[in-house]
Structure formats: structure tokens, C-alpha cells
There are 2 protein chains.
Amino acid sequence: MTVNSVPAEITTLCAALAEGTRWEILTALGSEDLSASDLARALPVSRQAIAKHLQVLESAGLVERTRAVPESTSGSVRYHAVGAPLARLAAQLETIGRGWDRRLATIKEVAEAREKD
Amino acid sequence: MTVNSVPAEITTLCAALAEGTRWEILTALGSEDLSASDLARALPVSRQAIAKHLQVLESAGLVERTRAVPESTSGSVRYHAVGAPLARLAAQLETIGRGWDRRLATIKEVAEAREKD
DNA sequence: GGTGGGTGCAACCCTATAGTTGCAGTCATC
DNA sequence: GATGACTGCAACTATAGGGTTGCACCCACC
């Protein structure tokens, strides 16, 4: 019953990924760079809603503003999806889940061994 | 900008994993089988709050009721954490993230190639 | 200079949900 | 049979968060 706390990044990332609209944003930004207005045009929500989601995603590290290209001084801010946080999260979840299942396997083995005698 | 929808299991699992209290429950149930009352005693929340969390976790497949042991007919219901959903989620997140990063790498390559001439 | 596209901030609904208390039922033990 | 431990359901509060509208600003272009 040791309540060893889980890294805060896990809950932050999971919270960011627990929303359908944010996944639509992410998959869109995973295939091309887009601005908030672009996304608002493609999705059935307002630009301000998109902006809030982008804020959440950016602070979770799942999205980055593409570096302000000097060629276009236009105010348009474009975003793209970043995979590294997903990879880190996946690795952590995988090891955690493996630990749980190993414990269950051990219990099962013990039970079977006791069954034999 | 193809808005290809993401499997519902992903958002369900992420939502279940986006909560600190649920992680405390999960880590506890990952190291030993416990009942709702046990958890309520170990954590600073009421038993009913625990029960609600267990319901969420169970419907996400992250937790299972240990089969009613015939040796003890007591009404106590014990739970344990299940790792398989975490493994599935990890695999999906990993491939998704890899796709995003591959695209970024390609863009970078193209930019560098253009830089050369 | 006016107009249109893009951005940011703030106030505001409204639903979902984490948490609580309270009560009823069930099973063991004394 | 009464007491205590466990479970389940229901009502309620309160906060977070997804979504909206509205306004102000900046920059480009006509």
C-alpha cells in the first residue's frame, strides 16, 4: 500500500490527451503546420476555443510554435505537433503496466504451485 | 488537415489516468489487492469517492475485481490493477508520436538540402 | 484612411465531475 | 437480537474546464 506518487508529467500529459477536440487538433498538426485560425476553420469550434486548447497542449509540450519564419513577417502563428512527450509517456506507462502484470503472474504461479500438492 | 478520429479507447484511458487520486489508487492496487474500505483508510478521501474512482477505473479496464474467493464469504470486494490496457495505450501513443516526429525530420532534411544550394 | 485577416484578453454560461454526507441493506460476531 | 464492518445508492455542493461572445490591437493591402 505504498503510495509512491506518480510523476506529475504523466497526469499533465494524460489530461491534455483526454479530450477529443485536442486530439483532432493534434492529428491535424501532426500532418501539417497550421495556425489557430486554420484549425478553427477546419473544426466545429471557435478560434478562441482552439486557442485555449493550444495553450494546454503547448504547456504540456505536445505542440510547439514553428519558429517565426523571417521570410513572412505576417502575424500568423503556426503550430506543429511534437512526438517526444508521447514517446516518454508511452515508455513510462509500459513499465508501470508491466510491473502490475508481473505481480499478477507471480500470484498465479504461486496459486498453481499450491494447487499441485 | 485530415481529421482522422482517434480510437475512443485512447481518450477513455487518458481521462481515467488524468487524475492524481486515481493514480494513488492504481499504484496501491498494483502492489497488493485491496478493498474500497482499505483504500479509503490509506488515502485522504472518503470511501464513496474511492468507489466512484474504482468505477471509472473498472470501466476503463485498468482495474478488476479479484474473483470472489470462496474461502472468505465476507462481503469485502477486492480489486487489483491490470497492466494490459496501459501496454496497449503505450503502443498506440508511441506510433502516433513517431509519425509526428518523422514528419518534422523530413521537413528539416528538406530545409537543409535547400540550404546547400 | 478604411477594410479585412490574424491575434490576444476577459467576461460569461453550462456541463462534467471530484468530493461530501446520509441512509439502507447484508453478513459476521458477541 | 444488537453491534460493528462492509457495500451500494442517492442527493447535494463546489470547482474545473470546454465553449461562447465581445472587444481591442496589429499589420497588410486596397
Side-chain angles (χ1 to χ4, degrees), chain A residues 1 3 6 8 11-26 28-29 32-60 62-80, chain B residues 1 3 5-6 8 11-26 28-29 33-60 62-80:
Chain A
M1 195 158 359
V3 187
V6 161
T11 61
T12 303
L13 279 173
C14 285
L17 297 175
E19 239 273 332
T21 305
R22 277 198 284 267
W23 269 108
E24 301 201 52
I25 294 176
L26 282 174
L29 293 182
E32 55 180 324
D33 292 24
L34 294 169
S35 69
S37 302
D38 294 335
L39 289 164
R41 249 175 267 117
L43 299 179
V45 290
S46 66
R47 181 185 59 83
Q48 286 80 350
I50 300 276
K52 284 191 192 178
H53 285 307
L54 284 173
Q55 204 171 324
V56 172
L57 293 171
E58 191 175 11
S59 68
L62 288 166
V63 141
E64 280 178 358
R65 318 167 98 95
T66 55
R67 45 204 101 281
V69 269
E71 12 163 329
S72 103
T73 339
S74 93
S76 174
V77 183
R78 304 172 81 82
Y79 294 84
H80 62 96
Chain B
M1 195 158 357
V3 187
S5 66
V6 161
T11 61
T12 304
L13 279 172
C14 285
L17 297 174
E19 238 274 332
T21 306
R22 277 199 283 267
W23 269 108
E24 301 201 51
I25 294 177
L26 281 174
L29 293 181
D33 293 25
L34 294 169
S35 70
S37 303
D38 294 335
L39 290 164
R41 249 174 268 117
L43 300 179
V45 290
S46 66
R47 180 184 60 84
Q48 286 80 349
I50 300 275
K52 285 190 192 177
H53 285 306
L54 284 173
Q55 204 171 323
V56 173
L57 292 172
E58 191 175 10
S59 69
L62 288 166
V63 140
E64 280 178 358
R65 317 167 99 94
T66 56
R67 45 205 104 280
V69 268
E71 10 163 331
S72 102
T73 339
S74 94
S76 173
V77 182
R78 304 171 81 83
Y79 294 84
H80 62 97

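Note on naming: letters A, B, ... go to the chains in the order of the sequence lines (proteins, then strands), and numbering restarts at 1 for each one.
- Contact between the side-chain N/O atoms of Arg41(B) and the OP1/OP2 oxygens of dC6(D) is found at a separation under 4.0 Å.
- When the side-chain contact (heavy atoms from CB on, under 4.5 Å) test is applied to Ala15(B), the partners found at least two apart in sequence or on another chain are Ala18(A).
- In this structure, Val63(B) and Ile25(B) have side chains that are not in contact, with every pair of non-hydrogen atoms separated by 4.5 Å or more.
- The nucleotide whose nearest atom lies closest to any side-chain atom of Ala36(B) is, among dG18(D), dC6(D), dT7(D), dT7(D).
- Taking the side chain as every heavy atom from C-beta outward, Ser35(B) and Asp38(B) approach each other to under 4.5 Å.
- Note: CZ (Arg78(A)) to P (dG5(C)) measures 17 Å, nearest angstrom.
- Here the side chain of Ser76(B) is nearest to one of dT20(C), dT7(D), dG6(C), namely dT7(D).
- Phosphate contact (OP1/OP2 of dA18(C), side-chain N/O of Thr21(B), threshold under 4.0 Å): absent.
- For the pair Leu34(B) CG and dC6(D) P, the computed distance is 12 Å after rounding to whole Å.
- The distance from atom CG of Leu17(B) to atom P of dA18(C) is 13 Å, rounded to the nearest whole Å.
- Listed by chain and residue number, nothing satisfies the side-chain contact (heavy atoms from CB on, under 4.5 Å) test with Ser59(A) (two or more places apart in sequence, or in another chain).
- When heavy atoms are screened at a 4.0 angstrom cut-off, Ser46(B) is found touching base atoms of the nucleic acid.
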Output a table of nitrogen or oxygen pairs between the protein and nucleotides 9-17 of chain C separated by less than 3.5 Å.
none

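- Put simply, CG on Leu39(B) is 13 Å from P on dG8(D), counting in whole angstrom units.
- When rounded to the nearest whole Å, the span between CZ of Arg65(A) and P of dG6(C) equals 16 Å.
- Per the geometry, CD1 belonging to Ile50(B) stands 15 Å off C1' belonging to dG8(D), to the nearest Å.
- Contact of the Leu57(B) side chain with the Leu29(B) side chain is not registered, since no non-hydrogen atoms from C-beta on lie closer than 4.5 Å.
- One finds no side-chain N or O of Ser35(B) lying less than 4.0 angstrom from the OP1 or OP2 phosphate oxygen of dC6(D).
- Remark: side-chain polar atoms of Arg78(B) are not paired, donor with acceptor, to backbone N or O of Thr66(B) under 3.5 angstrom.
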Practice task
Would you check, one step at a time, whether the test side-chain contact (heavy atoms from CB on, under 4.5 Å) holds for Leu17(A) with Leu26(A)?
Solution key: CA-CA 9 Å; Leu17(A) 297 175; Leu26(A) 282 174; 3.7 Å; yes

